[in-house]
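A short worksheet on the structure shown next.
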Protein chains: 2
Amino acid sequence: MPASTDRAADLDDISFLGRLSEALSQTIEDQTRELFDAAGIVIPVRSCSLLTALRQAGEASAAELARTLGQSHQLVIQKCPALIRLGLITQHPDPADARRKLFRLTEKGQAQMAMQDRYSEEISEVYRRLFEETGDVHAMILKTLRALKERPLRERTPPQSR
Amino acid sequence: MPASTDRAADLDDISFLGRLSEALSQTIEDQTRELFDAAGIVIPVRSCSLLTALRQAGEASAAELARTLGQSHQLVIQKCPALIRLGLITQHPDPADARRKLFRLTEKGQAQMAMQDRYSEEISEVYRRLFEETGDVHAMILKTLRALKERPLRERTPPQSR
DNA sequence: TATACAATATATTGCGCAATATATTGTATA
DNA sequence: TATACAATATATTGCGCAATATATTGTATA
């Protein structure tokens, strides 16, 4: 019984929204993992986008992937060993540039992505229906994020008289 | 330039909502940290609720705090050393039960919480105005979370024909 | 060509969390 | 009282991320 979700709101005024959105993120990851497990998909949920980008590129270095994903290349490099261990990708030195190592999906990786594809549409549809039920969280989070980047909490708080 | 927020949506259909809500959580934590820094509040943002619970209890063991917060007691125990190092709380053995150690706010901890209080109302107000601007994300995330706990993704996905 | 700089990959450290295992102490029950 | 169990605190390991530092290689410029 998690229940933390409900209690969180009353207990802590300052970061209730932060913890709530984290709970949503965690719940979605967990439930996606559950779905993948049931379907025999071994892809780490948090590496889906990396593999999608890699599939589209065909072949790419960590730095390229990082730029595509908007993540740090350190993070990409940190994830890759696990994906290699899972047999989803391989790593080759770039013959044209000794600094770079190129990643590529293996056959298994491609097969796994194909399995993921079959669920991808399904899941989009699930979310669409969910949003009809509860409202478009996606759009609203995006709007909130943009508002906060535009004008952060700091600027929205009047200076305190001490 | 993060920008990952925008690109995330197109790249990965399966967990776009997960990463978006995580981005919101992270943004809020970062901006709260920024606010605290500017105000001279040393409280770790993620320990606000712990300190709030402790203040209300006056004195409590890790297990009690964990129950109040809906977190694991391991997590509470892991956070406490940092709070002790910051001089915000102290730890005493429970004279009545040698298994337990009781935590209590120090004077500095109370002063810091008082500083946080001055911002607490402000921030609630900021969120209230933000929600007027962008809609009530809080309520909508809560609704989504409840819908997902009620009926997880797994159950919402029709069985695949393989 | 030599030198500075850019790009790339990588190691290390630390945070926050989850999961697991374990030691200690208290409590209930045979 | 003895024994099993519950409650509590804690250590250890691992994941995902950020931040920092560093080594290697390529590129541009003096």
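Convention: sequence-line order gives letters A, B, ...; per-chain numbering from 1. Below, each value reflects all heavy atoms present in this structure, side chains not excepted, and no hydrogens, waters or symmetry copies.
- Ion pairing of A:R151 with B:E133 is absent here, as no side-chain N (NZ or NE/NH1/NH2) approaches a carboxylate O to less than 4.0 Å.
- Atom pair B:L75:CG and D:dA11:P shows a separation of 15 Å (rounding to whole Å applied).
- Contact annotation: B:R100 side-chain N/O to D:dA9 OP1/OP2 distance is not under 4.0 Å.
- Among the heavy atoms of the strands, none lies under 4.0 Å from A:E64.
- Proximity note for A:K101 (side chain, C-beta onward) versus C:dC17, C:dA9, D:dA9: the nearest is C:dA9.
- Using a 4.0 Å cut-off, some side-chain N or O of B:K79 falls inside it from OP1 or OP2 of C:dC17.
- Put simply, CD1 on B:I28 is 17 Å from C1' on C:dG16, counting in whole angstrom units.
- Of the candidate nucleotides C:dA9, D:dA9, D:dC17, D:dA9 has the atom lying nearest to any side-chain atom of B:A62.
- Regarding A:R99, its CZ atom lies at a distance of 11 Å from the C1' atom of C:dC5, rounded to whole Å.
- Residues A:I43 and A:M113 are in side-chain contact: their nearest non-hydrogen atoms beyond the backbone lie under 4.5 Å apart.
- Salt-bridge formation is detected for the pair A:R128/A:E125: a Lys NZ or Arg NE/NH1/NH2 atom is positioned less than 4.0 Å from an Asp or Glu carboxylate oxygen.
- Between the side chain of A:Q74 and the base of D:dT20, a donor-acceptor pair under 3.5 Å is found.
- Partner assigned to D:dT29 is C:dA2, using Watson-Crick or G-U wobble distances below 3.5 angstrom.
- With C:dT25, D:dT25, C:dA9 as the choices, the nucleotide that has an atom nearest any side-chain atom of A:H73 turns out to be C:dA9.
- When each of A:D97 and A:A82 is assigned the nucleotide of DNA chain D bearing its nearest heavy atom, the one mapping closer to the 5' terminus is A:A82.
- Among the heavy atoms of the strands lying under 4.0 Å from B:Q91 are primed sugar atoms or P, OP1, OP2 only; no base atom is included.
- Rounded to a whole Å, the CD1 atom of A:I84 is 12 Å from the P atom of C:dA9.
- Regarding B:Q71, its CD atom lies at a distance of 10 Å from the C1' atom of C:dC17, rounded to whole Å.
- Along DNA chain C, the nucleotide closest to A:A63 and the one closest to B:P44 are compared, and the more 5′ of them pairs with A:A63.
- Between atom CD1 of residue B:I123 and atom CD of residue B:Q116 there is a gap of 8.0 Å, rounded to the nearest 0.5 Å.
- Looking at A:T106, its side chain does come within 3.5 Å of a backbone N or O of A:L88 through a donor-acceptor pair.
- The CZ-P distance, from A:R19 to C:dC17, rounds to 10 Å in whole Å.
- Within the shown strands, C:dA11 is the pairing partner of D:dT20 under the Watson-Crick or G-U definition, both distances less than 3.5 Å.
- Whole-Å rounding puts the B:I77 CD1 to C:dA23 P distance at 16 Å.
- Aromatic ring orientation, A:Y127 versus B:F16: perpendicular (interplanar angle above 60°, classes split at 30° and 60°).
- Nucleic acid contact class of A:Q78 (heavy atoms, under 4.0 Å, all strands): base.
- Rounded to an integer number of Å, the gap from CZ of B:R33 to C1' of C:dC15 is 13 Å.
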